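What follows is a single structure, written as structure tokens, with notes after it.
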Amino acid sequence: MKVILSAFRFAAKVLLGWCAVVALPQLALAVVPVVKTVPWDTNNFSNPHFAYAGKVITLKGTSDQQAANFMYDWDPGDGGAHCTGTVTNQYVVQCTHTYAGAVGTTWSAVLTITDTNTGDHASSTYPLLMAANNLQSNVNVAIDDGLWYLHSTMSRYVSGGFNEGDWFSGCSGFACFGVWGTTATNLQAFEVNAHLESGSAADPYTDDVARGLKALFQNLTLNFDPGAVFTVPGGCATPPCPINPDANGNHLAIRVSSGSTNYEDGMVMDAIVASGTPNATAVTGPVGVTGQKYSTIVQDMVDAYTFCVVRGNTGGGWRYGCPDGVGDGSVSQWAAIGLIAASRGFGATIDPNLIGWNNVWLTNSEDPASGEFGYVSPAPIWGPYATTPSGMVQLSMDHIGRGDPRWDKAETFLRDNFGNAPTNSNVSLKAYFYGMFSFTKSMLLHNPGGVLTPITLLQSQTPGVNPIDWYAAEAANGDPTDGVARWLVSQQNSTGYWYDTSEINTSSQWPFSTGFAIIMLRKSVFTACVTNLNGKGTPSGRAPARIDLSWSPQTGANSYSVFRGTVSGGPYALLGSTTITAFSDTSGLLNGGTYFYTLQPDNSSGGEICQSNEAKITIPSTAR
């Protein structure tokens, strides 16, 4: 018996020892945190965020861990005091710091997260550049802070096994509102700054956009079959004019699940198109959405707007019903904005008779004397600063621009009143983010005859009223009034948001202000455009003078049209097209000459997606 007991005790000791050996590595295991910092340039994470003298800068980072044993340390990189603390919100690990130094000074701030139980840690850098205190640096910081505010206030959750997020409910702050148009607008703000669902996992905003798009698709609905061709009494050569509301023949019309779909569908379409991925597939949503390409979903949303167009004698606008009896100048801007994005960005089909029918509405809804567009008639009712820009963005949809009296009179009206004191939305465009947003879109989407020709200088036919740079004008630099950019920078709250309470007629528009402002500051249409067009000039010697251009790829572009001008802002002349991200110009260039270039990325259907930044390039006078 003693032998047996001894053997048993020996076996037990061996077993306990083996368990201890197995357990030791488990006790030593630790979770190394994944640390991310927000990039300024998603094409090159080493390109710095901007700082400028006197501006409090927020260093922005995230961790995949949050608990009492995870501590953060922000080293600002300039020898200044560190920010330290416990990671209580893994999505918001920030530090505020004011930098001082000569223009051109650079720093590398570093965020380190440490597990205090084990000592394991990880870090990520945050590059910064001291820039001159000017409009460009102010705009860059404003966008940077605005996006961080949206990121910080997003509601994140799991639904149906998918990570989703929104600014619909459960969120906080001033950019949260219980309609899906708010989420769509905020998503577009990220996307036009090149933070995409398809972007790098090292970018914290990639997850935000992926979550938001899943939530949007989850809340789409197939609420009717658009049915057969219908006719309207005008808008084509031989009325009645047939319009096909089912361009892809799948008998589906998709709308956002909302009580104000004619407003919000255009915003949702913008957000989907801004993804730049027409062939991506939705993984959330009802049957008919799940498993469908983004481009198919957008086409079905186009079909819904087509079906819902007003069919009465006033022409083809949109109002609240589907269809309604008369158009509404305010609602109609969202149809136009969404339809432009769908057709130019994703190549969606829009019945040309719908465009012609909308053209009838625009004639019937403008005051031919003042140039103001109205709501359900030429009368603006309570103020023309939503409806006149709405009329202009609809004209852009219809390929109508300068040279048409309706456009010229509307542009004159807005230029003549551009400097009105921004006291409230009844008397000033700049006091009305809703109208200023569609105005900005109309300037950037100006498309007479189907040729994308963005407008830099807002002009007037009134004698003595000079053109003004609607975006970049600054009263401090001698301009008659501030443009959109300076005004928006001045209106941003110190924590990063905008909240346009000067809109006196409905507070439901105020939560859109942050998303609208970021998109306007980026000078964006419906997608992130090329922002790093640059080049180098080589003087003539044995070979002709040459300028070599290069840029980063544009999502969704199949080719690039290259333009050149001799003055900043154009006009530009088309030089040629290329399918690669480089172009050499040797056409009539002179040593010592200065030239201005832009390019327009084009999609496979020939649609002009957007216009890039302008590159100013001077050829040296002599060979070096």
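All of these numbers come straight from a predicted model, not from anything done at the bench.
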Among residues at least two apart in sequence or on other chains, which ones pass side chain to side chain donor-acceptor pair (under 3.5 Å) with Trp498?
none
Contacts satisfying disulfide bond (SG atoms under 2.5 Å apart) that involve residues 554-586 (not counting sequence neighbours) are none
When rounded to the nearest 0.5 angstrom, what is the spacing between NE2 in His446 and CG in Leu395?
9.0 Å
Pair Arg546 + Asp548: basic N to acidic O under 4.0 Å:
yes
Under the rule for side chain to side chain donor-acceptor pair (under 3.5 Å), what residues qualify as partners of Asn250, not counting sequence neighbours?
Asp300
Only counting residues at least two apart or in another chain, list the ones meeting salt bridge (charged side-chain N to carboxylate O under 4.0 Å, His left out) with Asp585.
Arg564
Side chain to side chain donor-acceptor pair (under 3.5 Å) with Asn613: which residues, sequence neighbours excluded?
none
With sequence neighbours left out, what residues match Ser552 under side chain to side chain donor-acceptor pair (under 3.5 Å)?
Asn532
Please determine which of Thr37, Asp41, Asp144 meets the side-chain hydrogen bond (donor to acceptor under 3.5 Å, both in side chains) test together with His49.
Asp144
Which value, rounded to the nearest 0.5 Å, describes the distance between Trp487 atom CH2 and Phe433 atom CZ?
7.5 Å
Within the 3.5 Å criterion, strictly below it, is a donor on Tyr263 or Gln333 matched to an acceptor on the partner's side chain?
no
Give the intermediate values and the outcome of salt bridge (Lys or Arg N to Asp or Glu O under 4.0 Å) for residues Arg255 and Asp303.
CA-CA 10 Å; Arg255 315 213 75 187; Asp303 291 346; over 6 Å; no
